[in-house]
Protein chains: 2
Amino acid sequence: MSDISSHGGSGGGPSGRIGIGLDLDATHLKILEVLRDNGRISVSSLAERVGISRANAYTRFEALRADGVIKRFTAEIDHVRTGLGITALIFVTVRQQMWRQFRAELARMPEVEYCAITTGQHDAMIQVRMADVAEVHAMVTDRLANIPAVKATETVFILDEVLKRPYVLPSDRDKTRPARRPVQEEQRGDVPLGKMRFVGAAEGRAALRKDD
Amino acid sequence: MSDISSHGGSGGGPSGRIGIGLDLDATHLKILEVLRDNGRISVSSLAERVGISRANAYTRFEALRADGVIKRFTAEIDHVRTGLGITALIFVTVRQQMWRQFRAELARMPEVEYCAITTGQHDAMIQVRMADVAEVHAMVTDRLANIPAVKATETVFILDEVLKRPYVLPSDRDKTRPARRPVQEEQRGDVPLGKMRFVGAAEGRAALRKDD
DNA sequence: GTTGAAATTAGTACGAA
DNA sequence: TTCGTACTAATTTCAAC
């Protein structure tokens, strides 16, 4: 059960994989679209829905799997039903040169569902699922605070998860947006830029993306 | 393709579902554990791995599905391979009384993978997948800024996704932690509490969790 | 890249423990 | 409830086109 992503970052940094084994065409994307909503569909039904032959579907399906485009299949579950109804985001400031230790400690925390290294005020964001707020508090004060690599934390609770897509595909963008495009074009320029803010990375963090 | 979660929040608020249709035993959790890593496993193999009969596995599997504990099955994909290698978090401050509009606009944005309402300095956090940073910038300035409900935004880029579990289960906690428990007990009290911070919700936001 | 037919496997229904 | 078995339907594999 190795949970640490073996792949490179999603930020276009030092990734690792250079040669692309497979370039995805519209059919590949269609397959991924179907698989997003029904990961247990049979390859036969998949072929039908996508509009290709079974053999072709099998070939493409296997290629997507073998090439790592599809990392794995999983079930989406209702956390409330399993008793982990509290979700929190913990923003962590990591002490320089201690990323390796931070990562190692993360691997020991099964209640962490997601951890990303970010630009901005903090260095990392972790998402945890707990039974109650007391457990979140205990996790932050007892476990995180005891990691020397952790300089500071900031915790925020999730009140509601409004939207959660399994994943986004490039083909998604051509669906809802065209209707709004003209509006965008017209309003371009009138945008009150002052109300938004981009937060860059702290000193030297980008260089520390991989372990230390 | 309705992406907005029909379920209640994950924060224990006004959920909707009251009567629990199914209380999960250790076997149920074991099933979910297997399904987390292999959502396409056959029910026969599942039965084998969990150590129950095939018939029983079918019954429990169906019960978990019908009861909504398993929301759906999906494929996990590599965003870099699909050309959406840039991930950003956008923290949004929403104008009071305009949550309904904000939610409606969100539904029109297919590149948004996740949106949660949070406590703390901001009101919501959305995660987007884009082809490049320019697209993120365009999304924030052209699309988000044009929503009257959006008072302000703060954008942060994800440099690396260190850990991404499909989901956390209550049974996970009894795996890695026991080894560290004694350490926790010893260090309890020596925790430098000053280095962490809990951020509460802004005025009246909890009451506005559902639309408006 | 497609179709069709054999082999295998999945899903269902039943009685017994 | 759970298990084991037998039955039916579907899927996967492999062949030739």
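In this text the structure is predicted, and so the values were computed from the model without any measurement. The chains referred to below are lettered A, B, ... by the order of the sequence lines, with proteins before strands, and numbering in each begins at 1.
Side-chain N or O atoms of A/Asn56 include none that pairs as donor or acceptor with a backbone N or O of A/Ile52 at under 3.5 Å. Distance alone, capped at 3.5 Å, is enough to place a donor-acceptor pair between the A/Thr119 side chain and the A/Val199 backbone. Using modelled atom types, one side-chain atom of A/Asp172 and one backbone atom of A/Leu169 make a donor-acceptor pair closer than 3.5 Å.
The B/Ala55 side chain lies nearest to D/dG4 when the options are D/dT2, D/dG4, C/dG11. For A/Ser45, taking side-chain heavy atoms from C-beta onward, the closest of the listed nucleotides C/dT3, D/dT11, C/dT12 is D/dT11. Between D/dT2, C/dA10, D/dG4, one nucleotide has an atom nearer to the side chain of B/Ser42 than all others, and that is C/dA10.
A cation-pi arrangement, defined by a distance under 6.0 Å to the six-membered ring centre and an angle within 45 degrees of its axis, is present between B/Arg36 and B/Tyr167.
Atom-to-atom, NE2 of B/His28 to P of D/dT2 comes out at 8 Å; the value is rounded to the nearest Å. Counting to the nearest Å, the C1' atom of C/dT2 and the CD atom of A/Glu48 are 15 Å from each other. Whole-Å rounding puts the B/Ile52 CD1 to D/dG4 P distance at 12 Å. Protein atom CZ of B/Phe61 is 19 Å distant from nucleotide atom C1' of D/dT2, rounded to whole Å. As rounded to whole Å, 13 Å separates atom C1' of C/dT9 from atom CZ of A/Arg40. We find that CG of B/Asn56 is positioned 14 Å from C1' of C/dA17, with the value rounded to whole Å. If you take CD1 of B/Ile31 and P of D/dT1, they are 15 Å apart, rounded to a whole angstrom. What separates CD of A/Glu62 from P of D/dT12 is a distance of 12 Å, to the nearest Å.
Side-chain to base pairing of B/Arg54 with D/dG4: no donor and acceptor N or O lie closer than 3.5 Å to each other.
Judged by distance alone, the side chains of B/Thr87 and B/Gln127 never bring a donor and an acceptor atom under 3.5 Å apart.
Using a 4.0 Å cut-off, no side-chain N or O of B/Ser53 falls inside it from OP1 or OP2 of D/dT2. Residue B/Tyr58 places none of its side-chain N or O atoms closer than 4.0 Å to OP1 or OP2 of C/dT12.
Residue A/Thr59 is out of contact with every strand shown, counting any heavy-atom pair closer than 4.0 Å. Across all strands, B/Arg60 comes closer than 4.0 Å only to sugar-phosphate atoms, never to a base (heavy-atom distances). Nucleic acid contact class of B/Ser44 (heavy atoms, under 4.0 Å, all strands): sugar-phosphate only.
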